[in-house]
2 protein chains.
Amino acid sequence: MDLTIAEENYLKAIYHLSEGGKKSVSTNDIAGEIQTKPASVSDMLRRLSEKQVIEYRKYYGLQITESGKQLALQTIRKHRLWEVFLVDKLQFAWDEVHEVAEQLEHIQSPLLIQRLDAFLNYPKFDPHGDPIPDEYGDVRSRPRIPLNEMNIDQVGQIVAVKDSSAAFLRYLDKVGAYIGARIKVLDKVEFDGSVEILVDQKKTLFMSKDVASNILVVQS
Amino acid sequence: MDLTIAEENYLKAIYHLSEGGKKSVSTNDIAGEIQTKPASVSDMLRRLSEKQVIEYRKYYGLQITESGKQLALQTIRKHRLWEVFLVDKLQFAWDEVHEVAEQLEHIQSPLLIQRLDAFLNYPKFDPHGDPIPDEYGDVRSRPRIPLNEMNIDQVGQIVAVKDSSAAFLRYLDKVGAYIGARIKVLDKVEFDGSVEILVDQKKTLFMSKDVASNILVVQS
DNA sequence: AAATTAAATTAGATATATCTAAAAAAAATG
DNA sequence: CATTTTTTTTAGATATATCTAATTTAATTT
Ligand SMILES: [Mn+2]
Ligand SMILES: [Mn+2]
Ligand SMILES: [Mn+2]
Ligand SMILES: [Mn+2]
């Protein structure tokens, strides 16, 4: 029982919103996530429910089913593998890959994904630091916290970004914050939550709380 | 003015049928080529005509326009580049690539194709020996003839296949006829048009006229 | 608790893409 | 050249996916 491209996009959005720590996923949330109107979402929820990838009671809410979760994870797996391909093999910048991966993730061919995975040397994370689910849908996720939650003098390493928009990623390129960079918190401003960090033991950076909260780190 | 995936598939079929040396392309031909019903074709011809990629008069026939030809060539370019990628980089066999390339050819990203072309080292031919149009739609086609039109004692090289079906390609694999192989015609049977050839100066092969007519060679 | 506001769904429309069955036009046949 | 056959198109139906506007349900406020 296959999903259409639209259904895959909706299901992926639902999965992301579900995992995003929100108690319940609303019709408006989904509409916001995939740039569509709530009326269209209601319609799609009915269809996804018929295909048993979500459980849905009108006006109450929805829950992704186990099979829905597996399908979403496979689409995410494909999306992230293609992103690695674009960056590692075709020299795309990390802010240029999203739209193309959004298309490539819908290509149907198990053999293709298996071979692509091998060709890329079984990567565990995509260019934005997000984990790549394996073929069984297992995700090995590292414990990671937003940079703004670190305390003064603590050290760590940037491992991912929460916001993958081109604007944010280009800003990070510009200031020299990249995945893998070692950082130390030099100062935190109580008033607005902004932070000052040392990158790679040589460069000092100021950033707003908003920016810092979209940078994910592992402490060391 | 963009085409949908279905429109791209129809236009590609029309282009192939037009180039195939046929004087005129019929509704039934198109239906046969893309596995659909003539009624659906009529409907699509009206739409392609509105988008000015074909000139179409009901019951009379159709002609692909210059802009239609360019669009078809770009889709063909993408299809063949992806085929090269699948075979050269992901170790697909030449009989496994068509279905996947049929999907990949519709991915929209000029940058992707430009980078893919460079990554593959600007290949001129796909795994079936078909020429890859350049980004301006120019095709450098070699003069090539069906193997069954060669005469006894003539020598040449296999450069392409006319039929790219998995069944035919697997047969060629089995008997050891591959693109690039040097051949010599040892014998031709007048009665049924079958031929006997020597491959790479060591292996002798018998093949029916039907098989030979689907193998394209350059004489040397 | 009634009234208001917000969220979600339904109704009805449009666009794409396909099909079967019927009708129309063109081609082939005697 | 009239008749039959084939080809092509149209009519009408179905499925997907989206929208706006109207309605319904739930949540919030007074
Ligand atoms: Mn997508
Ligand atoms: Mn990513
Ligand atoms: Mn295709
Ligand atoms: Mn090919």
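The chains referred to below are lettered A, B, ... by the order of the sequence lines, with proteins before strands, and numbering in each begins at 1. In this text the structure is predicted, and so the values were computed from the model without any measurement.
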Residues passing the side-chain contact (heavy atoms from CB on, under 4.5 Å) test with A/Glu33, sequence neighbours excluded, are A/Ala13, A/His16, A/Leu17
Kindly say if B/Tyr60 contacts the phosphate of D/dT7, meaning a side-chain N or O under 4.0 Å from OP1 or OP2. no
Which angle, to the nearest 10 degrees, lies between the helix axes at the two ends of the helix from C/dA1-D/dT30 to C/dG30-D/dC1, each defined by five pairs? 10°
Select base, sugar-phosphate, or nothing to describe what [X] touches, counting heavy atoms under 4.0 Å on all strands.
X       : answer
B/Ser42 : base
A/Thr4  : sugar-phosphate
A/Ala6  : sugar-phosphate

List the residues meeting salt bridge (charged side-chain N to carboxylate O under 4.0 Å, His left out) with A/Arg46, not counting sequence neighbours, and say none if there are none. A/Asp43, A/Glu50
From NZ of B/Lys58 across to C1' of D/dT10 the rounded distance in Å is 8 Å
B/Ile30 CD1 to D/dT8 P: how many Å, rounded? 9 Å
Distance flag, aromatic centroids of A/His79 and A/His98, threshold under 6.0 Å: yes
Taking the ring of B/Tyr10 and the ring of B/Tyr15, is the distance between their centroids below 6.0 Å? no
Applying ring pair (Phe, Tyr, Trp, His ring centres under 6.0 Å) to A/His106 and not counting sequence neighbours gives none
For B/Phe92, give me all partners under ring pair (Phe, Tyr, Trp, His ring centres under 6.0 Å), at least two apart in sequence or on another chain. none
Check every nucleotide of DNA chain C for an atom under 4.0 Å from a heavy-atom of chain B, then give the first and the last such nucleotide from 5' to 3'. C/dT16 to C/dA26
A/Gln74, A/Arg77, A/Lys12 screened by side chain to side chain donor-acceptor pair (under 3.5 Å) with A/Glu105, the one that passes: A/Lys12
Should the ring pair B/Trp82 and A/Phe85 be called parallel, tilted or perpendicular, given that the plane angle runs from 0 to 90° and is split at 30 and 60? tilted
d(A/Gln103 CD, A/Ile5 CD1) to nearest 0.5 Å is 9.0 Å
Of A/Ser40 and B/Arg57, the one whose nearest nucleotide on DNA chain D sits closer to the 5' end is B/Arg57
Could you say whether A/Tyr59 or A/Glu7 is positioned toward the 5' end of DNA chain D, judged by the nucleotide with the nearest heavy atom to each? A/Glu7
